[in-house]
Number of protein chains: 4
Amino acid sequence: MTSDDRHSSRRARSEKAILEAASALIDEVGVGGLTIEGVAARSGVAKTTIYRRWRDKDDLALAILIELTAEISAPPDQGDTRKELLKFVETATKVITSGGVVSGLVSEIATTPHLSHQYVERIVDVRMAEVKTVIDRGIERGDLRPDTEVRLVHELLIGPLYYRLLFSKAPLTRRHREQVVDAVMQAFAPEDGSARSRRK
Amino acid sequence: MTSDDRHSSRRARSEKAILEAASALIDEVGVGGLTIEGVAARSGVAKTTIYRRWRDKDDLALAILIELTAEISAPPDQGDTRKELLKFVETATKVITSGGVVSGLVSEIATTPHLSHQYVERIVDVRMAEVKTVIDRGIERGDLRPDTEVRLVHELLIGPLYYRLLFSKAPLTRRHREQVVDAVMQAFAPEDGSARSRRK
Amino acid sequence: MTSDDRHSSRRARSEKAILEAASALIDEVGVGGLTIEGVAARSGVAKTTIYRRWRDKDDLALAILIELTAEISAPPDQGDTRKELLKFVETATKVITSGGVVSGLVSEIATTPHLSHQYVERIVDVRMAEVKTVIDRGIERGDLRPDTEVRLVHELLIGPLYYRLLFSKAPLTRRHREQVVDAVMQAFAPEDGSARSRRK
Amino acid sequence: MTSDDRHSSRRARSEKAILEAASALIDEVGVGGLTIEGVAARSGVAKTTIYRRWRDKDDLALAILIELTAEISAPPDQGDTRKELLKFVETATKVITSGGVVSGLVSEIATTPHLSHQYVERIVDVRMAEVKTVIDRGIERGDLRPDTEVRLVHELLIGPLYYRLLFSKAPLTRRHREQVVDAVMQAFAPEDGSARSRRK
DNA sequence: GACTAAGCGAGACGGTACGTCGCGTCTTAAA
DNA sequence: TTTAAGACGCGACGTACCGTCTCGCTTAGTC
């Protein structure tokens with residue numbers, strides 16, 4: 001998995017050209033308008049070379065999506081669970097709206113086992129781990145009930161974003177994110193009301 | 001736009017044939033595999049005739065999606081907000097999973113203004129109205145806070161379903177639906193704790 | 001080119017455009033350089049339309065070859081068997097050398113059952129029938145032995161032409177044709193030498 | 001150009017591997033299916049190495065064709081011109097039918113000056129020399145007319161074989177070869193009928 | 001026996017054309 | 001007029017090989 005590097009100068013060079021061209025095209029015409037032939041033309045790389053690395057258009061698009069997403073990392077300890085969750089939701093929002101890549105790919109991801117598997121593994125699971133960090137801290141602080149389920153929180157935080165993005169088309173505002181986070185905080189607040197960072 | 005219906009024998013006949021063929025095809029090969037040419041062949045209707053009624057493949061698919069969705073109606077008063085919300089989520093689940101139509105169409109809906117507009121109008125808004133009915137009753141009963149926002153509740157209920165359906169691929173179980181509903185109930189419970197139907 | 005054009009449904013019109021373009025291209029670059037994409041570009045017809053009629057490049061080329069060949073017809077009674085055979089060989093020469101189509105197609109014909117079958121049926125058999133006419137008259141006149149075999153004569157007349165064309169590259173001259181015809185006349189001359197049209 | 005042979009171990013080894021692989025492939029899939037990449041894969045030799053020795057696929061195929069053909073040698077004196085011609089035709093038949101190489105290469109040979117030149121030099125001329133030997137003996141014996149032209153006889157003997165092989169697809173039988181040889185004998189028989197080996 | 005130039009394997013690359021698919025438009029003839 | 005039937009232009013697909021091009025490793029034959 002590592003000795004590729006020997007012949008990598010050429011390989012890496014064309015790979016870079018392809019990804020750049022593809023990203024640019026997605027920005028301009030969206031994932032739906034993305035075309036292998038277009039990428040080839042724009043990058044100055046032969047169609048064959050693209051197919052050598054990605055099995056098809058969606059595979060390439062996914063690679064770019066992953067590139068985009070890779071930037072997210074767990075929100076650091078800020079001493080305030082609400083703030084941390086908000087930070088997480090904020091970053092997630094940024095990612096899923098950028099370039100319309102997600103919008104354009106959902107169907108393919110949801111439909112193609114191969115893609116959905118990759119998506120879960122490389123994105124879903126990673127995000128969930130981040131949420132876990134935040135929640136664990138929140139439980140420790142007494143902001144959240146000890147039995148708070150990570151997966152559920154993740155879904156409640158992220159689901160509404162996707163819903164707006166994909167279906168209702170309602171705007172993704174800061175106010176909305178706060179509402180969602182507050183709802184979650186409320187839903188998983190310890191019963192005795194001893195939490196330190198409560199919604200005002 | 002209106003008087004067609006009276007002497008619609010021909011029009012109606014072919015429309016029915018088209019929709020039936022299209023539905024059957026979606027069942028068999030999914031929305032992704034849906035093809036105008038396939039529908040024409042199967043329904044014995046000319047391609048031209050299909051294009052006369054729906055501007056393209058996605059428009060046709062949306063029509064079918066709407067047909068499916070049309071069945072949902074507001075859950076009747078059961079005297080129990082939790083039960084009513086659960087009922088709503090249950091029906092919604094049934095619809096979005098049926099035939100993989102939604103999975104296959106999301107990208108197109110999210111991406112095409114024309115489709116997303118129709119989707120919002122004919123589905124999102126309708127659902128929201130149903131949720132509103134339930135919530136209004138819930139507030140009246142004292143199960144929910146008076147300032148509970150319909151839109152937010154709707155998103156928190158529906159978002160997680162879509163998220164599982166499209167991305168995480170986690171199964172859509174009854175247990176999950178209960179968790180979601182309970183979280184919502186908790187999040188919007190009146191502060192004084194006087195609600196009648198609380199999660200145990 | 002004539003009054004056909006009026007009802008020449010689209011099909012006929014595009015077919016004509018394709019054949020013309022293909023012929024022109026063969027003239028310019030040979031059968032080897034013939035390309036469906038080239039034909040499409042030159043004829044202003046879509047690639048698909050070409051494939052709708054001919055299964056592939058060779059099938060199209062064969063069609064053109066047949067068009068060329070179709071012009072040959074049995075040499076008319078000239079009262080002189082030698083002259084008639086010469087005439088036959090002359091016409092054949094003209095056909096097989098025109099445009100290098102034959103040279104470029106032999107391998108495909110010889111190799112593909114589908115093509116060879118068509119070739120035999122539409123060309124070989126037709127030619128043989130022509131030779132038969134000439135030979136029958138020759139036998140009647142007493143120029144040839146009554147047991148002269150048509151197939152053999154045909155092969156002896158045509159074989160050397162193909163051999164020069166394809167392999168030895170020796171020029172196809174009038175002198176050569178005469179030698180071949182004379183050899184055949186001699187080989188199948190009646191034993192008693194009573195033939196009227198003998199080689200000088 | 002000559003001293004290579006001394007320290008040729010490596011060169012010779014890979015050349016052998018290539019030729020063997022190519023021959024095997026031709027046997028299996030025909031010349032049409034022959035592929036440099038296939039040869040490389042099968043022989044364990046790098047594509048580059050093949051291109052170093054043969055300018056392209058056809059050049060390689062020709063090399064193999066020549067290898068095959070090389071086996072023919074002039075039929076020895078049997079005291080009977082007819083028998084000797086028959087022997088020649090028989091050997092020729094064997095060669096041109098073996099492996100379908102000839103069928104698959106004709107077009108390329110006929111079309112590419114470079115190949116046709118080599119073919120004429122290394123095969124056509126060689127064969128003609130053999131026929132000359134036989135004819136010279138025949139003339140001496142009085143079986144053939146003194147002015148019998150070698151080239152013409154060669155063409156009359158070989159042409160029909162090629163014609164059947166490539167076009168008419170009629171079977172290459174012993175009977176057919178005899179007919180051809182007899183026709184030639186007859187065509188070039190001395191006028192006085194003094195030939196010793198005549199067809200009965 | 002060590003050195004250097006050639007030959008070699010591996011395989012990535014730019015390219016051309018293939019034959020296929022499904023789109024949405026356009027034409028024709030019959031009802 | 002409306003329809004069924006289906007030909008058409010189009011754009012992209014993903015594939016197959018082509019012949020070229022590095023790039024280090026192997027391997028003689030020379031010193």
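Below, chains carry the letters A, B, ... as their sequence lines are ordered, and counting in each starts from 1.
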Is Thr48(A) near enough to dA12(E) that one of its side-chain N or O atoms lies under 4.0 angstrom from OP1 or OP2?
no

Closer than 4.0 Å, any side-chain N/O of Arg55(B) to the OP1 or OP2 of dT25(E)?
no

Any Thr49(B) side-chain nitrogen or oxygen under 4.0 Å from OP1 or OP2 of dT3(F)
no

Given dA7(F), dC18(F), dC18(E), the nucleotide with the shortest approach to the side chain of Lys47(C):
dC18(E)

Counting side-chain heavy atoms from C-beta on, which of dA17(E), dG19(F), dC8(F) comes nearest to Ile36(D)?
dG19(F)

Kindly point out which of dC8(F), dG9(F), dC18(E) is positioned nearest to the side chain of Glu37(C)?
dC18(E)

Which part of the nucleic acid, if any, lies within reach of Gly44(C) when heavy atoms closer than 4.0 Å are counted: base, sugar-phosphate only, or nothing?
sugar-phosphate

OG1 on Thr112(D) to CD on Gln118(D), rounded to 0.5 Å:
11.0 Å

Give a yes/no answer on whether the side chain of Arg52(A) brings an N or O atom under 4.0 Å of OP1 or OP2 in dA12(E).
no

Which distance, rounded to the nearest 0.5 Å, do you find between the CG of Leu65(C) and the CG of Leu60(C)?
11.5 Å

The answer to which of Leu34(A) and Lys57(D) contacts DNA chain F further toward the 5' end, by nearest nucleotide, is Leu34(A)

When rounded to the nearest 0.5 angstrom, what is the spacing between OG in Ser43(A) and CG in Leu19(A)?
9.5 Å

Which of the following nucleotides, dC13(F), dG22(E), dC8(E), is nearest to the side chain of Tyr51(A)?
dC13(F)

Give a yes/no answer on whether the side chain of Arg53(A) brings an N or O atom under 4.0 Å of OP1 or OP2 in dC13(E).
yes

Quick one: which of dG19(E), dG24(E), dC13(F) gets closest to the side chain of Asp56(B)?
dG24(E)

Atom pair CG (Leu25(B)) and CD (Glu28(B)), whose distance is rounded to the nearest 0.5 Å
6.0 Å

5′-ward residue of the pair Val45(A)/Gly33(B) relative to DNA chain E
Val45(A)

Of the candidates dC23(E), dG9(E), dC8(F), the side chain of Thr35(B) sits closest to dC23(E)

